[in-house]
J.: 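Structure provided below as structure tokens; questions to follow.
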Amino acid sequence: MEKNKNKIGEGLLWDIILAVLMLASLVGLFFPAASYKYRAKSYSLLGSSLLEGKTLGGGRVVLKPNIALWIAVVAIIVCAVLLLTLGRKAKKVVAEVQAIAAIIGIAVPAVLASKMASVLDGLKSVKAGYGLYIIAAVNLIILIFALKKLSDHKILCALDFMILPGMIYFLINNYIPMFGIYIAFKKVDYSVGLWKSPWVGLSNFATLFRSRDLMIITRNTLLYNAAFIILGILTGIIVGICLSEVAKKFLQRTYQTLILLPQLISFVIVAYIVYAFFAAEVGMVSQMTGLEDFYSNTKYWPFILIFINVWKQLGYNSIIFLSSIVGIDRSLYEAARVDGASKWKQIVYVTIPQLKPTIITLFVLQCGRIFYSDFGLFYQVPLNQGALYDATDTIDTFVYRALMVNNNISLASAASTYQAIVGFILVLVVNLIVRKVDKESAMF
């Protein structure tokens, strides 16, 4: 009984300490959140001014109350109150709320500090103050205690912390950039920055849809990917079956290594290899056939690009199918041989049906990127020849040129948005078809 009372008392003490610590983090609002210069004089801006709103620089900058900072302050106060009132009764819920409030208390000041120059746009020598960093640092300590509580209550485990780096990577690399979609609806003016550039609505999309290039890049992206998927799976199955029939392990591993080598070769190197074959004056194929217009005639390049892609992906696809073939129950082949089935019939009636789940899974995964293209294949290998754009231009290369060559970030963003939306719709359609064929193999 005494031990339980001691534990309860200790837990209550920790809740009070954490609640006080959370409220103490708000002291950072009364320290400088930023510093700036106006008429050769230095000034400080308190964090509380970001909450209240203030006019600075003789009316040059009118700060409105910062909603994000208000949310962070309210979250911290609510969490502190919950800790003091429900800390012992609803431990798990309070621990979850504490973690969320701490994350908000870290993220909002950190983002504000990094964006302070744009918040105080119009003033000189703007620097983030240490007030915001105090709030973020204290909430980081609170977050560590919250995670410890969640671990004690079995809500989090070691595996959850192990996937944290991957989640952070995807958050930074895949999800946060999604907010850049707003660029597609603006006419970017670098003199005023992205945020203050004029809003043009769907004007960039109208320009894209009126362009002749849209039909070309859409057609090329879809048809090339369709050919890559079909031929990649077919050649992978064939080579995988052939490798499984090699009796000696040494030879099988040697063949696997040789077939996999192209996968490891950079497209920069592949581009030089292709050039050595098809260059107008020194290319081996050009000299043998007498043709010297490979880099100015589009009719050859669909075959060249498809061959190169299949050649590079063959090792990866064949190993996937080989691993599936190795896992097939050997008794099925023994039963087929007893029934008099030839090697061909064993492949047709045993191997291929057993590969059906692998084929469907690989098909679905590759269809997930059917509206995307390998930039190296379509940009490096044809050497970005303008005469070949009708056969080699895809959405990815179009976006690159719009951004880097034409310096039209708005059009590039519109094309990327179009690619993402249509690609998402295609994934849904493909998944629906797969659900009709094999429900268990569908993504969702």
Side-chain angles (χ1 to χ4, degrees), residues 224-278 283-285 288-289 302-370 374 376-377 380-381 434 437-438 440-441 443:
Y224 275 122
N225 276 315
F228 295 162
I229 292 169
I230 294 169
L231 292 177
I233 291 175
L234 284 176
T235 53
I237 292 171
I238 293 169
V239 175
I241 292 171
C242 292
L243 287 173
S244 68
E245 295 299 323
V246 177
K248 293 183 178 180
K249 291 292 182 183
F250 173 76
L251 289 177
Q252 188 183 78
R253 290 171 183 172
T254 302
Y255 296 149
Q256 285 180 31
T257 303
L258 292 175
I259 294 170
L260 192 62
L261 276 177
Q263 179 85 26
L264 309 176
I265 300 176
S266 166
F267 269 114
V268 176
I269 298 172
V270 172
Y272 282 107
I273 295 172
V274 173
Y275 186 76
F277 277 98
F278 299 109
M284 186 174 70
V285 175
M288 291 174 61
T289 60
F303 304 101
I304 294 172
L305 294 176
I306 291 172
F307 175 81
I308 292 170
N309 181 270
V310 171
W311 170 67
K312 274 186 70 67
Q313 299 297 326
L314 181 59
Y316 174 77
N317 291 333
S318 63
I319 287 176
I320 289 176
F321 286 110
L322 176 61
S323 62
S324 298
I325 293 169
V326 171
I328 297 174
D329 189 353
R330 296 293 102 183
S331 63
L332 296 175
Y333 291 103
E334 292 174 5
R337 282 195 295 270
V338 169
D339 290 339
S342 63
K343 182 61 69 176
W344 172 250
K345 288 186 176 180
Q346 290 176 37
I347 292 171
V348 173
Y349 294 107
V350 178
T351 306
I352 293 178
Q354 292 296 314
L355 289 177
K356 181 183 173 183
T358 305
I359 294 171
I360 293 175
T361 302
L362 199 60
F363 174 76
V364 171
L365 289 174
Q366 293 187 358
C367 283
R369 293 189 60 82
I370 196 170
D374 193 318
L377 175 64
Q380 298 282 1
V381 175
V434 171
V437 177
D438 187 355
E440 292 182 359
S441 299
M443 290 185 290

J.: Look up atom CD1 in Ile273 and atom CH2 in Trp311, then write down how far apart they are to the nearest 0.5 Å.
T.: 5.0 Å
J.: Return all side-chain donor-acceptor pairs below 3.5 angstrom for residues 355-369, not counting sequence neighbours, or 'none' if the list is empty.
T.:
from, atom 1, to, atom 2, distance (Å)
Thr358, OG1, Ser324, OG, 2.9
Thr361, OG1, Pro357, O, 2.8

J.: Apply side-chain hydrogen bond (donor to acceptor under 3.5 Å, both in side chains) to Asp329 and list each qualifying residue two or more places apart in sequence or on a separate chain.
T.: Ser331
J.: First locate atom SG of Cys242, then atom CD1 of Ile347, and finally report the distance between them rounded to the nearest 0.5 Å.
T.: 7.5 Å
J.: Which donor-acceptor pairs under 3.5 Å do side chains of residues 247-257 form with protein atoms, sequence neighbours excluded?
T.:
from, atom 1, to, atom 2, distance (Å)
Gln252, NE2, Leu243, O, 2.7
Thr254, OG1, Phe250, O, 2.7
Thr257, OG1, Arg253, O, 2.8

J.: Kindly write out the residues that satisfy side-chain contact (heavy atoms from CB on, under 4.5 Å) with Ala335, not counting sequence neighbours, or none if the list is empty.
T.: none
J.: Among all residues two or more places apart in sequence or in another chain, which pass the side-chain contact (heavy atoms from CB on, under 4.5 Å) test with Phe303?
T.: none
J.: Please tabulate, one pair per line, all N/O donor-acceptor pairs under 3.5 Å involving side-chain atoms of residues 261-269, not counting sequence neighbours.
T.:
from, atom 1, to, atom 2, distance (Å)
Ser266, OG, Val268, N, 3.1

J.: Sequence neighbours excluded, which residues qualify as side-chain contact (heavy atoms from CB on, under 4.5 Å) partners of Val338?
T.: none
J.: Considering residues at least two apart in sequence or located in another chain, which fulfil the side-chain hydrogen bond (donor to acceptor under 3.5 Å, both in side chains) criterion with Tyr333?
T.: Thr351
J.: With sequence neighbours excluded, tell me which residues meet side-chain contact (heavy atoms from CB on, under 4.5 Å) with Phe228.
T.: Tyr224, Asn225, Ile306, Asn309, Leu377, Phe378
J.: Considering all heavy atoms of both residues, which atom of Ala336 and which atom of Val350 are nearest to each other, and what is their separation?
T.: CB-CG2, 4.2 Å
J.: According to salt bridge (Lys or Arg N to Asp or Glu O under 4.0 Å), who are the partners of Glu245, at least two apart in sequence or on a separate chain?
T.: Lys343
J.: Can you give me every donor-acceptor pair (side chain of residues 230-239, partner residue at least two apart or in another chain, under 3.5 Å) with its distance?
T.:
from, atom 1, to, atom 2, distance (Å)
Thr235, OG1, Leu231, O, 2.7
Thr235, OG1, Gly232, O, 3.2

J.: So, taking the atom named CD in Gln313 and the one named OG in Ser318, what distance separates them when rounded to the nearest 0.5 Å?
T.: 10.5 Å
J.: If every non-hydrogen atom of Val270 is compared with every non-hydrogen atom of Lys312, which pair is closest and at what distance?
T.: CG2-CD, 4.3 Å
J.: Under the ring-ring contact (aromatic ring centres under 6.0 Å, His included) rule, collect the residues that match up with Phe278, sequence neighbours excluded.
T.: Phe294
J.: If you round to the nearest 0.5 Å, how far is CD of Gln380 from OH of Tyr275?
T.: 15.0 Å
